[in-house]
Amino acid sequence: MEKWILIDKMDQVKEVSEKLLQAKVMAVDTETTGLNPHISKLRLIQIAVEGSATVIFDCFKLLPEAVKEISDILTSPAIKIFQNAKFDLKFLRSENIQVSGWIFDTMLAAKLLKTSGGPQSVGLASLVSFYLNQTLSKEQQKSDFSSKLTMEQLNYAAKDAEILLDLRLRLLDEIKKNQLIEVARLEFACVYAIASMEYDGIYLDKKKWLILSEETQQMKEKALSQLYPFIGYPTVQLGLFGNHKAYGSNVNSNKQVLKMLNENGISVKNTSKQSLSHFVQHPIVVSLMKYRYASKALSSFLHTIPNQININTGRLHPQYSQIGAWSGRMSCGRPNIQQIPRGKAFRQCFATLPGRKLVIADYSQIELRVIAQISGDQRMIVAYNNGDDLHKLTASLVLQKKTSLITKKERQAAKAVNFGLVFGMGAAGLQAYAEETYGVKMSSSEAVLFKERFFMAYKGVETWHKELQKNKPGISRTLAGRKHTYNRESGLSIRYNTPVQGTAADILKNALGMLYVKLKDSNTSIVAVVHDEIVLECDQAEAQETSLLLRKTMEEAGARYLKDVPVVAEASIADSWAGK
DNA sequence: TCAGTTCGCGCG
DNA sequence: AAAGCGCGCGAACTGA
């Protein structure tokens with residue numbers, strides 16, 4: 001049997017596809033001329049099945065003619081194994097090749113196993129060495145697929161696909177052994193949504209963005225000039241590449257800023273916002289905070305994001321890491337769309353072209369609802385089922401007042417109490433947190449009292465905490481079975497937090513998987529996902545319908561895991577991410 | 001000189 | 001005894 005066969009003529013495609021269509025499991029890999037699906041080209045598609053030679057499609061020769069035939073193969077009922085499916089899916093999409101059915105992503109499987117003694121590095125070579133005890137040449141990754149193919153390249157290309165057949169069997173074994181089947185299904189179903197979201201990207205109104213940049217630049221300069229008396233006035237210095245300004249000290253240097261602050265009677269240990277919050281009336285602090293805000297906005301967002309607009313699509317294509325956080329949450333970068341400032345000025349730049357709308361939906365208090373479910377706290381469960389306002393309820397229980405008499409301020413304080421205490425914050429932490437986050441002042445004795453009353457009121461949460469304390473070093477699982485392991489040193493708060501954050505991630509990913517299926521043949525794109533929020537872009541005429549579908553899907557996805565607590569999502573239609 | 005670490009801060 | 005958690009990114013700093 002030949003190891004592999006290169007297909008570069010249409011009549012050969014028909015010959016090999018018969019065999020491939022019969023397979024129950026196929027391993028798929030692609031080679032491309034680069035990493036960006038909107039710039040680089042798909043060069044090879046390798047498909048390996050058990051018992052016959054690996055098929056290598058030469059895309060330069062076959063596409064677009066063979067799109068239909070290759071799509072037929074990749075939409076067959078077979079399980080498709082990929083290493084980092086997202087990457088291949090985007091390139092296949094760029095050539096209009098369809099893929100459907102169950103995916104087994106070896107990289108995601110390995111990431112799920114990281115907390116169960118799996119490999120710490122999840123690249124293909126590492127996985128092959130870890131699970132199969134073989135060495136895989138890394139030469140392939142460096143090789144250039146834009147010119148003529150060499151025999152060596154084809155050998156490696158075939159090998160990368162073939163090895164996935166064996167790798168899946170080993171990973172499947174581990175996944176079963178660690179009872180990760182359900183969460184693996186969840187992750188695998190979600191890959192399609194993430195790949196299409198990255199491929200479609202999100203539109204940024206560059207003009208508005210540049211105006212905001214200029215305003216912020218002015219703000220930064222103004223704040224800087226207000227700091228001159230303390231950091232020194234600028235002097236023009238002769239530099240190698242022309243004149244440049246120099247100051248007595250560098251405002252960006254925390255070390256120098258700390259010294260300057262201390263010299264001016266502001267006794268802080270570090271220069272963080274938190275420490276400075278005790279001196280907000282001081283003019284230095286006012287200017288420094290303004291400078292910091294503007295400087296952060298400029299360097300992290302305003303200056304860098306326009307450069308990341310793709311030249312061919314005119315859109316941003318943030319990269320998501322599906323299992324980016326230890327908890328199971330996704331992370332995001334280039335740019336990190338999950339940390340765009342909440343201010344309207346920033347969010348209104350994330351917009352649509354005429355005729356299109358954004359549909360924005362988020363879960364209401366998802367983490368607190370997860371806590372209610374996981375802890376089984378009866379009072380919380382009853383409150384949510386009655387549609388009560390949980391923050392108000394906490395305020396009334398902690399302050400021992402009727403809910404009808406709770407003021408807005410008191411509700412805010414209770415919000416801090418809810419979030420802080422269920423995640424293991426102490427009384428002192430609660431006090432500081434309430435003031436910093438919600439501007440609510442409470443004395444330390446008040447904080448201690450509130451904490452006691454909180455756990456008195458929510459007995460279920462207290463027992464849940466006690467159980468987690470006993471479980472040392474221990475493991476925990478989210479409601480989809482995602483596993484976390486703790487060492488002896490792991491603090492309590494991490495034990496309280498991880499299963500909650502992780503379950504919320506399970507729910508969101510379930511929603512994304514379901515959503516992809518429903519939106520597959522529509523003109524609607526998923527454009528952003530931010531932990532408990534999903535943003536879609538659709539035709540204006542379909543906005544109402546899409547909004548309902550999004551809300552219903554998110555709620556249904558949550559109901560699968562929160563059996564005793566209602567899951568509520570809220571959706572709105574808007575021209576930008578800032579809302580209506 | 002340069003890779004790796006730390007601080008500070010944006011989001012949920 | 002006291003304690004929120006999870007990320008990515010830019011600038012400064014550190015160390016060989």
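Remember, predicted model here, so these are calculated numbers, not experimental data. All chains are named by letter (A, B, ...) in the order of the sequence lines, taking the proteins before the strands, and each is independently numbered beginning at 1.
If you take OH of A:Tyr486 and P of C:dA3, they are 21 Å apart, rounded to a whole angstrom. The distance between atom CZ of A:Phe301 and atom P of B:dC11, rounded to the nearest whole Å, is 7 Å.
If you check the side chains of A:Thr304 and A:Asn307, you find no donor sitting under 3.5 Å from an acceptor.
The side chain to side chain donor-acceptor pair (under 3.5 Å) search around A:Asn178 returns A:Lys483, not counting sequence neighbours.
When each of A:Ile337, A:Leu512, A:Ile194 is tested with A:Val529 by the rule side chain to side chain contact (heavy atoms under 4.5 Å, CB included), just one qualifies, namely A:Leu512.
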- Task: Any chance you could list the contact pattern along nucleotides 9-16 of chain C? Use B for base contacts, S for sugar-phosphate-only contacts and - for none, protein heavy atoms under 4.0 Å, 5' to 3'.
- Result: SSSSSS--
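Across all strands shown, C:dG4 forms no Watson-Crick or G-U wobble pair with both distances under 3.5 Å.
Note on A:Asp362: nothing from the nucleic acid sits closer than 4.0 angstrom, heavy atoms only. Residue A:Arg347 is classed as a sugar-phosphate contact, given heavy-atom separations below 4.0 Å to backbone atoms only. If you check every strand for non-hydrogen atoms under 4.0 Å, A:Thr271 touches sugar and phosphate atoms only. No engagement by A:Ala427 is indicated, since no non-hydrogen atom pair under 4.0 Å with the nucleic acid exists. At a threshold of 4.0 angstrom between heavy atoms, the contacts of A:Gly420 with the nucleic acid are absent.
Taking only side-chain atoms of A:Asn497, from C-beta outward, the nucleotide of B:dG10, C:dC5, C:dG6 with the closest atom is C:dC5. Nearest nucleotide to the side chain of A:Val530, out of B:dC9, B:dG12, C:dA3: B:dG12.
A ring-centre distance under 6.0 Å is not found for A:Phe454 and A:Phe450. Ring centroid separation for the pair A:Tyr486 and A:Trp326 comes in under the 6.0 Å cut-off.
Donor-acceptor pairing under 3.5 Å, judged by distance alone, is absent between the side chain of A:Arg342 and the base of B:dG10.
Shown here is A:Gln274, whose CD atom has no more than 12 heavy atoms of other residues, nucleotides or ligands within 6.0 Å.
For the OP1/OP2 pair of C:dC5 and a distance below 4.0 Å, the side-chain nitrogens and oxygens of A:Ser493 include at least one atom meeting the criterion.
A salt bridge between A:Glu187 and A:Arg482 is present, with a side-chain N of the basic residue lying under 4.0 Å from a carboxylate O of the acidic one.
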